[in-house]
Amino acid sequence: MPFNTELTRRLGIAVPVVQGGMQHVGYAEMASAVSNAGGLGIITALIFPEPEGLRQEIRKCRKLTSKPFGVNITLLPAIVPPDYEAYAQVIIDEGVKIVETAGNSPGPVISKLKKAGCIVLHKCTTIRHAQSAVKLGVDFLSIDGFECAGHVGESDITNFILLSKARQTLKVPFIASGGFADGQGLAAALCLGACGVNMGTRFLCTVESPIHHKIKEEIVKAQETDTALLLRRWRNTTRLYKNKVTEQALKIEQESKTGEFSEIAPYVSGKRGKEVFINGDPEYGVWTAGQVIGLINDIPTCKDLVKRIEKEAEDTLRERIGLVAPAPKL
């Protein structure tokens, strides 16, 4: 039975599950598979060195699905920042109406997208940042708990608290992000006030995910303890899969006398991380994974995964309603 939440109504999807933007992963094949399954697939804009590459990927995705899909733009510190507004213009020109944003100082990009009539989902790791995003006019907030993969923020607040705080304080609908892999998680998020969930690591481990099969097998074998936090010293804390490179980098971060980022830079190279997904060696470089890695036990198609999540969530909600018994007659 299709769900009826603010997210499904506004986005035109059947199941309130969003495939978050993922570097090296969010291509048209991945996004279209999730959208065809009833969720919202997302292309990651900055996979492509130039905006024109994004344009071609959007057109490719349109050939693979007639369902809604979105594009992610993440604004992160860089010596030479990408031309974010040019990527936004491509999204607008190509008629994509759903955009996931994240990162620092997104105001100009969000303003441009909103003027063009796009629905903006903005990802935040604190309520304070969420409230700032509300002022920018975002349509949905993606509340990202400390459990998540990648950039976790600096506040270390888990989703159980963040979601309840969001329910208490925010006037804009929100999605739960970080720590979700199954229908029980979706049901819990809905009960805490969210209108859907955002999943990255779980979708990383699907048939359609464009990464080496050995990395998917590594995810299936992993436990929830197999991640590590890196770059806290530079206030850019990132959750990564715990491997030899991550541990070497963490040792340098903790023991460096100078605190120069150049000492750790070769270990956190995005190029090496991308190569992991190509060569299938989980020890070759750093790669992001959430604590939810411990809940992933198989490699399904996106269709089977979304269908399973839908059924599990529905069954869980019906079962929990049954816990409420009528008061005895006096």
Side-chain angles (χ1 to χ4, degrees), residues 20-25 44-49 72-84 87 101-109 123-129 132 144-158 162 177-178 200-201 204 211 215 218-219 222-293:
M22 291 181 280
Q23 193 68 0
H24 315 312
V25 178
T44 303
L46 296 186
I47 285 176
F48 309 97
N72 166 279
I73 302 181
T74 299
L75 296 83
L76 294 173
I79 297 172
V80 182
D83 188 347
Y84 295 116
Y87 284 95
T101 58
N104 302 322
S105 304
V109 167
K123 188 174 285 189
C124 331
T125 58
T126 68
I127 298 301
R128 179 171 61 86
H129 291 140
S132 296
D144 218 5
F146 184 56
E147 308 94 323
C148 73
H151 299 280
V152 302
E154 307 304 319
S155 299
D156 300 2
I157 305 172
T158 60
L162 268 180
S177 180
T201 305
L204 191 63
I211 68 172
I215 303 303
E218 190 75 9
I219 292 172
Q223 300 300 314
E224 62 275 12
T225 51
D226 290 335
T227 70
L229 296 174
L230 202 61
L231 307 182
R232 172 137 289 177
R233 188 167 184 171
W234 297 277
R235 295 190 62 78
N236 190 25
T237 308
T238 305
R239 188 178 298 282
L240 302 162
Y241 179 72
K242 190 188 293 182
N243 61 15
K244 292 176 183 177
V245 180
T246 305
E247 290 177 337
Q248 289 167 354
L250 186 57
K251 189 172 188 293
I252 293 170
E253 178 176 352
Q254 292 171 341
E255 298 179 1
S256 170
K257 297 291 192 287
T258 67
E260 292 292 333
F261 184 75
S262 58
E263 294 182 44
I264 200 175
Y267 294 87
V268 295
S269 163
K271 187 175 181 180
R272 285 181 66 175
K274 180 180 180 181
E275 194 64 28
V276 167
F277 291 158
I278 296 171
N279 66 24
D281 180 1
E283 301 291 334
Y284 186 81
V286 299
W287 49 285
T288 61
Q291 290 181 325
V292 74
I293 200 168

Within-4.5 Å side-chain heavy-atom neighbours: [X] and [Y]:
| X | Y | answer |
| --- | --- | --- |
| Ser155 | Arg128 | no |
| Gln23 | Ile47 | yes |
| Val292 | Glu147 | no |
| Leu229 | Phe146 | yes |
| Ile127 | Leu162 | yes |

Sequence neighbours excluded - ring-ring contact (aromatic ring centres under 6.0 Å, His included) pairs with any residue from residues 244-282: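 Found Trp234-Phe261.
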Backbone of Val286 reached by a side-chain donor or acceptor of Arg272 within 3.5 Å: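 No, because the side chain of Arg272 does not come within donor-acceptor range (under 3.5 Å) of the backbone of Val286.
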Sidechain-backbone polar pair: Arg239 side chain, Cys148 backbone, donor-acceptor under 3.5 Å: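 Between the backbone of Cys148 and the side chain of Arg239 there is a qualifying donor-acceptor contact (under 3.5 Å).
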Partners meeting side-chain hydrogen bond (donor to acceptor under 3.5 Å, both in side chains) with His129 (sequence neighbours left out):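 side-chain hydrogen bond (donor to acceptor under 3.5 Å, both in side chains) list for His129, sorted by chain: Thr126.
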Any residue meeting side-chain hydrogen bond (donor to acceptor under 3.5 Å, both in side chains) with Tyr241, in chain and number order, not counting sequence neighbours: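 Partners of Tyr241 under the side-chain hydrogen bond (donor to acceptor under 3.5 Å, both in side chains) test: Glu218.
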How long is the gap from [atom1] on [X] to [atom2] on [Y], to the nearest 0.5 Å?
| X | Y | atom1 | atom2 | value |
| --- | --- | --- | --- | --- |
| Leu231 | Thr238 | CG | OG1 | 4.5 Å |
| Asn279 | Ile215 | CG | CD1 | 7.0 Å |
| Arg233 | Glu260 | CZ | CD | 9.5 Å |
| Tyr84 | Leu75 | OH | CG | 5.0 Å |
| Glu253 | Arg232 | CD | CZ | 9.0 Å |

Which atom of [X] lies closest to which atom of [Y], heavy atoms considered:
| X | Y | value |
| --- | --- | --- |
| Lys242 | Thr227 | CE-O, 3.3 Å |
| Gly103 | Pro106 | O-CD, 3.9 Å |
| Thr125 | Gly153 | OG1-CA, 3.7 Å |
| Ala289 | Ala149 | C-CB, 3.3 Å |

Side-chain donor-acceptor pair present, Thr74, Asn72, cut-off under 3.5 Å: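 A donor-acceptor contact under 3.5 Å links the two side chains.
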side-chain contact (heavy atoms from CB on, under 4.5 Å) partners of Glu283, counting only residues at least two apart: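 Testing Glu283 for side-chain contact (heavy atoms from CB on, under 4.5 Å), a comparison that skips the adjacent residues, returns Asn243, Lys244, Asp281.
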Qualifying residues under side-chain contact (heavy atoms from CB on, under 4.5 Å), relative to Gln223, sequence neighbours excluded: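 Residues passing side-chain contact (heavy atoms from CB on, under 4.5 Å) with Gln223: Thr225, Asp226.
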Set of ring-ring contact (aromatic ring centres under 6.0 Å, His included) partners for Phe48, sequence neighbours left out: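 In terms of ring-ring contact (aromatic ring centres under 6.0 Å, His included), with neighbours along the sequence ignored, Phe48 is linked to Tyr27.
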Identified side-chain contact (heavy atoms from CB on, under 4.5 Å) counterpart of Leu230 within the set Thr237, Asn236, Leu250, Val245: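 The passing option is Leu250.
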